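Comments concern the structure below.
Please read all numbers here as calculations on a predicted model, not as lab measurements. Any value given below was found using the heavy atoms of this structure, including those in side chains, with hydrogens, waters and symmetry copies removed.
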Amino acid sequence: MDFNSAISAALGGGSATIIMGAIMLMIVNHILQKEREDRVKDKQEICSLMDEVKDYKKQEIASLDDRLSKHLEEDNPKAQKLQLDSITGLLNKLSDKFDRQCERTQESEKEQIKLIGDLKSDLMHKIGSVETSVAESKNFTQNLYNSVQKLRDGGKGNG
């Protein structure tokens with residue numbers, strides 16, 4: 001193997017490592033961007049659903065208020081109290097379900113944030129590994145070059 005072939009092989013290996021690192025970085029960055037977009041969409045969907053639930057609650061309360069007013073006009077107070085207790089129970093159940101959904105949403109967001117952090121940490125570690133490999137390739141190439149120069153210079157002095 002002559003000197004130029006050795007240099008070309010060493011530089012080609014280093015270039016391939018850099019290219020693979022760059023491709024890997026682009027892929028991971030794309031994945032992270034997709035995760036961010038999905039999280040934003042999910043958050044918007046959750047907010048929209050929360051607004052719908054609030055509107056639904058308002059409509060239900062207004063409807064129940066109307067029904068209650070009609071009932072007060074038509075029925076006795078004991079029946080009214082039973083219906084109010086029932087309505088209050090239903091509203092409490094709906095409120096509890098809404099609170100549990102909010103807690104699940106917060107837990108999910110925390111898990112997604114942790115996952116993104118873990119991915120970032122892993123990516124930084126891999127980038128460090130790529131940089132180390134590139135530095136080692138450069139050192140190997142320089143040592144190879146120096147050895148070839150010594151052989152060449154040694155050959156000229158004897159000849």
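- A cation-pi contact, defined as under 6.0 Å to the ring centre and within 45° of the axis, links Lys57 to Phe98.
- If you run side chain to side chain contact (heavy atoms under 4.5 Å, CB included) between Val40 and each of Gln44, Lys43, Glu37, Arg36, only Gln44 comes through.
- Counting heavy atoms from C-beta outward, Glu60 and Tyr56 have side chains that approach closer than 4.5 Å.
- Considering CE of Met26 and NE2 of His30, their distance stands at 10.0 Å, rounded to 0.5 Å.
- In this structure, Ser69 contributes its side chain and Asp65 its backbone to a donor-acceptor pair below 3.5 Å.
- One finds the CD1 atom of Ile127 at 10.0 Å from the NZ atom of Lys120 (value rounded to the nearest 0.5 Å).
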Before you tell me yes or no, could you show the steps for Asp66 and Lys70 under salt bridge (Lys or Arg N to Asp or Glu O under 4.0 Å), namely the whole-Å CA-CA distance, both residues' side-chain angles and the distance that decides it to 0.1 Å?
CA-CA 6 Å; Asp66 289 344; Lys70 287 179 184 178; over 6 Å; no

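- In summary, the side chains of Gln142 and Asn146 do present a donor paired with an acceptor at a separation below 3.5 Å, with no hydrogens or angles considered.
- Counting heavy atoms from C-beta outward, Ile61 and Leu91 have side chains that approach closer than 4.5 Å.
- At least one side-chain heavy atom of Asp42 sits less than 4.5 Å from a side-chain heavy atom of Gln112.
- Between Met50 and Gln101, every side-chain heavy-atom pair lies at or beyond the 4.5 Å cut-off.
- Note: the hydrophobic cluster containing Val28 does not contain Ile23 (ILVMFWY, side chain heavy atoms under 4.5 Å, direct or indirect links).
- No side-chain heavy atom of Leu119 sits under 4.5 Å from any side-chain heavy atom of Leu123.
- Not a single donor-acceptor pair under 3.5 Å links the side chain of Ser108 to the backbone N or O of Arg104.
- Taking OG of Ser121 as the reference point, atom NZ of Lys126 lies at 11.0 Å (rounded to 0.5 Å).
- Distance alone, capped at 3.5 Å, is enough to place a donor-acceptor pair between the Thr88 side chain and the Leu84 backbone.
- With salt bridges taken as basic N to acidic carboxylate O contacts below 4.0 Å, none links Arg100 and Asp96.
- With salt bridges taken as basic N to acidic carboxylate O contacts below 4.0 Å, one links Asp118 and Lys114.
- Using a 4.5 Å cut-off on side-chain heavy atoms (C-beta onward), His125 and Ser129 make contact.
- With values rounded to the nearest 0.5 angstrom, Leu32 atom CG is found 9.5 Å from Leu25 atom CG.
- The distance from atom CG of Leu82 to atom CD1 of Ile87, rounded to the nearest 0.5 Å, is 11.0 Å.
- Separating the CD atom in Glu131 from the CD atom in Glu136 is a distance of 12.5 Å, to the nearest 0.5 Å.
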When you look at Arg39 and Ile116, which way does the side chain to side chain contact (heavy atoms under 4.5 Å, CB included) test go after all the steps?
CA-CA 11 Å; Arg39 200 171 73 215; Ile116 288 171; 2.9 Å; yes

